[in-house]
Amino acid sequence: LAFDGIAEGSPLVVKRVKDIGNLSFKPPWKENPIKITEFLRGQRVPLSRRGEAEVVCLVPPEESPHILAVYVQNSNHGEGAGKWVA
């Protein structure tokens, strides 16, 4: 994968929201990025689960991670029920 402004060889990792802080994420249907916690609230992820939500990030050296995708768990079902939003 290659992205403008991202150092080549930056690792692609899966992290939890609580481990990366409140970074911005650009959902495909939005023009501008929004904070990841706002996105999760809009997806009706319960407050108690937002910190545990998984995100796929590019982590360039000496920079904040860049969120590429977010796993949104369906609050009406058990573990594993949900979808990736990229």
Side-chain angles (χ1 to χ4, degrees):
L1 290 173
F3 295 90
D4 290 337
I6 305 290
E8 188 174 328
S10 296
L12 188 63
V13 297
V14 176
K15 293 184 172 263
R16 295 189 194 285
V17 168
K18 68 180 180 183
D19 297 329
I20 62 167
N22 198 18
L23 297 176
S24 292
F25 169 69
K26 186 184 170 307
W29 57 87
K30 293 269 192 186
E31 276 189 40
N32 297 308
I34 60 173
K35 297 288 185 183
I36 189 68
T37 53
E38 292 175 31
F39 170 77
L40 293 169
R41 183 180 65 231
Q43 296 296 303
R44 298 186 177 117
V45 174
L47 180 60
S48 62
R49 290 181 164 177
R50 291 179 197 161
E52 298 300 317
E54 295 177 329
V55 293
V56 175
C57 303
L58 272 175
V59 186
E62 300 179 29
E63 289 184 38
S64 294
H66 297 273
I67 299 173
L68 302 178
V70 180
Y71 186 75
V72 178
Q73 191 173 43
N74 185 337
S75 61
N76 298 326
H77 295 83
E79 293 291 321
K83 63 183 176 184
W84 283 98
V85 178

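None of these values were measured; they are calculated from a predicted model.
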> If I take atom CZ from residue R41 and atom CD from residue E38, how far apart are they, to the nearest 0.5 angstrom?
5.5 Å

> Partners of P27 by side-chain contact (heavy atoms from CB on, under 4.5 Å), sequence neighbours excluded?
F25, W29, K30, I34, F39

> Any idea which heavy atoms bring S10 and P60 closest together, and the distance?
OG-CA, 3.3 Å

> Name all residues meeting the side-chain contact (heavy atoms from CB on, under 4.5 Å) criterion together with T37; count only those two or more places apart in sequence or in a different chain, and write none if there are none.
N22, K35

> Out of I36, V17, L58, which residue meets the side chain to side chain contact (heavy atoms under 4.5 Å, CB included) rule with I67?
I36

> Report the distance from atom NE2 of H66 to atom NZ of K26, rounding to the nearest 0.5 Å.
15.5 Å

> For K15, what residues pass the side-chain contact (heavy atoms from CB on, under 4.5 Å) criterion, not counting sequence neighbours?
V13, I20, V55, V59

> Do W84 and L12 share a hydrophobic cluster, counting only Ile, Leu, Val, Met, Phe, Trp and Tyr and linking them when any side-chain heavy atoms are less than 4.5 Å apart?
yes

> In Å, rounded to the nearest 0.5 Å, how long is the span from CG of L40 to CD of Q73?
11.0 Å

> Minimum heavy-atom separation for A86 and A69, please, with both atom names.
CB-CB, 3.9 Å

> State, to 0.1 Å, how close S64 and L23 come at their nearest heavy-atom pair, and which atoms those are.
CB-CD2, 4.3 Å

